Protein chains: 2
Amino acid sequence: MTVATSALIDHMHDDVTERLRSDIVLGALRPGEWLRQIDLQDRYNCTRSAARTALATLASAHIVEHTPNRGFRVVQPSVEARSEITDVRLMLELPAAVEIVTNASAADIADIRVAADAFDAGVDVLSVQKMRSLNHRFHRALIAPLQNTTLASLIHELRERDLPGDWSNWTTTSKVRQSSRDHLDMADAIEAGDAHALQVIIKAHLTRWQTTEVD
Amino acid sequence: MTVATSALIDHMHDDVTERLRSDIVLGALRPGEWLRQIDLQDRYNCTRSAARTALATLASAHIVEHTPNRGFRVVQPSVEARSEITDVRLMLELPAAVEIVTNASAADIADIRVAADAFDAGVDVLSVQKMRSLNHRFHRALIAPLQNTTLASLIHELRERDLPGDWSNWTTTSKVRQSSRDHLDMADAIEAGDAHALQVIIKAHLTRWQTTEVD
DNA sequence: GGCGCTAAAATTGGCGCCAATTTTAGGCAT
DNA sequence: ATGCCTAAAATTGGCGCCAATTTTAGCGCC
């Protein structure tokens with residue numbers, strides 16, 4: 001048995017968890033969709049117990065929801081639930097914006113810029129899933145300068161809880177383009193050291209789904 | 001089989017999880033302590049698989065930590081980790097204070113007052129564990145007026161993550177008495193409708209451990 | 001007496017089995 | 001044809017078994 005195979009087996013359960021998480025937050029598995037253990041076993045070529053631990057873990061993270069004797073399904077946050085999450089995200093990300101501007105090194109800023117440019121270049125070109133992946137990368141780069149790792153991971157977790165309800169933001173190109181503008185503006189604000197401007201952009205970015213929900 | 005017994009069996013796993021969680025946050029199981037599955041099986045009179053799911057769930061909640069092939073132990077947050085948690089709690093609980101003052105009904109205020117009084121009456125009289133339980137009750141009553149349930153449960157979860165590192169706050173009676181004064185002051189501020197005063201008290205309450213760590 | 005090595009015991013972690021529940025399919029009466 | 005009742009299939013959830021790893025105990029050696 002090769003080392004690579006051994007490593008895969010050693011972390012099989014965690015690996016399945018992360019692949020399932022990725023498939024959900026990137027939208028490959030739709031909100032409300034039932035996640036039968038046998039299907040996951042097939043999809044990820046794993047044992048049923050690996051699928052079960054993955055589902056249990058993601059249920060703890062509020063990414064899937066559990067119904068006893070029925071199984072697990074991808075969460076489908078209501079408008080009310082999304083509003084609650086948005087309020088909490090603002091409480092965390094607006095203070096975080098100050099930290100980001102304060103702590104961001106030149107390398108951090110460069111990473112953010114690269115991620116924002118990559119996203120912008122993909123609008124109209126790449127698939128929704130690829131764009132969501134690039135979006136993910138941008139937000140990763142954005143919070144990377146945070147020293148408070150507890151804050152960083154909490155911001156990340158709340159974002160993932162919100163994502164399954166985020167469908168409508170990817171249905172029209174104009175919305176994706178608006179997101180891209182936000183990203184570029186954020187990069188500008190950070191580079192300019194303007195914490196307040198960054199806060200304004202983040203607030204607009206997080207609350208836009210509430211103002212433009214009616215297509 | 002009686003209905004009560006059936007209900008216990010039906011929710012055995014969840015029940016064990018909550019009992020273990022309670023034992024940890026109330027300090028019956030000490031920070032850093034190893035939690036062997038066979039011990040939990042004995043303590044809670046449950047199967048090993050119930051103990052395993054409880055441990056996995058609490059690991060997701062950052063209340064216990066997992067080391068592969070070694071097992072689980074009660075988290076023992078470092079001073080740095082506690083500072084991070086405190087910063088995040090302030091980001092959530094200071095805005096929450098405004099909501100609490102705004103939304104608290106007369107019944108909510110009465111509950112908070114009762115909980116604060118019960119805690120105050122217990123200082124010098126009750127065991128540490130009983131006092132921690134009353135403290136828990138007070139904080140439950142305090143966040144009950146929050147409409148945003150996502151915010152409420154997140155505040156609760158962060159508090160639980162912090163509790164295992166909270167030992168020194170219960171070693172001396174003077175610290176417990178200071179906490180009680182804080183609780184009574186909070187009740188006063190809420191009853192007076194003074195959101196800013198409540199924020200000041202909460203901030204002092206959450207950060208006091210940093211200023212008085214040296215006994 | 002202390003240190004290191006080896007064998008036994010203890011513990012964890014993954015997997016498969018089986019009972020319980022839910023879902024689906026089929027037949028029957030209206 | 002439609003709705004309902006029953007039987008079969010599918011799915012979940014809990015439990016125990018066994019391999020892998022870690023910890024402990026015992027023993028020889030320096």
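By convention in this document, chain letters (A, B, ...) are assigned in the order of the sequence lines, proteins followed by strands, and residues within each chain are numbered from 1. Because the structure is predicted, anything quoted here is derived from the model rather than measured.
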Please confirm whether the shortest side-chain N or O distance from [X] to OP1 or OP2 of [N] is below 4.0 Å.
X: B/Ser49; N: D/dC15; value: yes
X: A/His66; N: D/dT12; value: no
X: A/Thr47; N: C/dC15; value: yes

I need the [atom1]-[atom2] distance between [X] and [N], as an integer number of Å.
X: B/Leu55; N: C/dG14; atom1: CG; atom2: P; value: 14 Å
X: A/Ile38; N: C/dC15; atom1: CD1; atom2: P; value: 16 Å
X: A/Gln41; N: C/dG16; atom1: CD; atom2: P; value: 9 Å
X: B/Arg36; N: C/dA10; atom1: CZ; atom2: C1'; value: 9 Å
X: B/Arg73; N: C/dT12; atom1: CZ; atom2: P; value: 13 Å

TODO: State which residue, out of A/Asp182, A/Thr172, A/Asp124, fulfils the side chain to side chain donor-acceptor pair (under 3.5 Å) condition with A/Arg177.
DONE: A/Asp124
- [ ] Answer whether the closest heavy-atom distance between the side chains of B/Met186 and B/Ile202 falls below 4.5 Å.
- [x] yes
Open item on the list: Would you say CZ of B/Arg137 has more than 12 non-hydrogen atoms from neighbouring residues, nucleotides or ligands within 6.0 angstrom?
Closed with: no
Task: No-H, no-angle donor-acceptor pair, A/Arg52 side chain to D/dG14 base, under 3.5 Å - done: yes
TODO: Report yes if a donor N or O on one partner sits less than 3.5 Å from an acceptor N or O on the other, where the partners are the side chain of B/Arg48 and the base of D/dG14; otherwise report no.
DONE: no
Name the closest nucleotide to the [X] side chain, picking from [options].
X: A/Asn69; options: C/dT11, C/dT22, D/dG14; value: C/dT22
X: B/Arg70; options: C/dG13, D/dT11, D/dT23; value: D/dT23
X: A/Gln37; options: D/dC15, D/dG13, C/dC15; value: D/dG13
X: A/Phe72; options: D/dG13, C/dG13, C/dT23; value: D/dG13

TODO: Tell me which of B/Trp34 and B/Thr53 sits closer to the 5' end of DNA chain D, going by the nucleotide each one is nearest to.
DONE: B/Thr53
- [ ] Before giving the answer on side chain to side chain contact (heavy atoms under 4.5 Å, CB included), spell out for A/His183 and A/Leu142 the whole-Å C-alpha distance, their side-chain angles and the decisive distance to 0.1 Å.
- [x] CA-CA 9 Å; A/His183 295 172; A/Leu142 184 64; over 6 Å; no
Open item on the list: Ring of B/Trp167, cation from B/Arg132 - is the NZ or CZ under 6.0 Å from the centre and inside 45° of the axis?
Closed with: yes
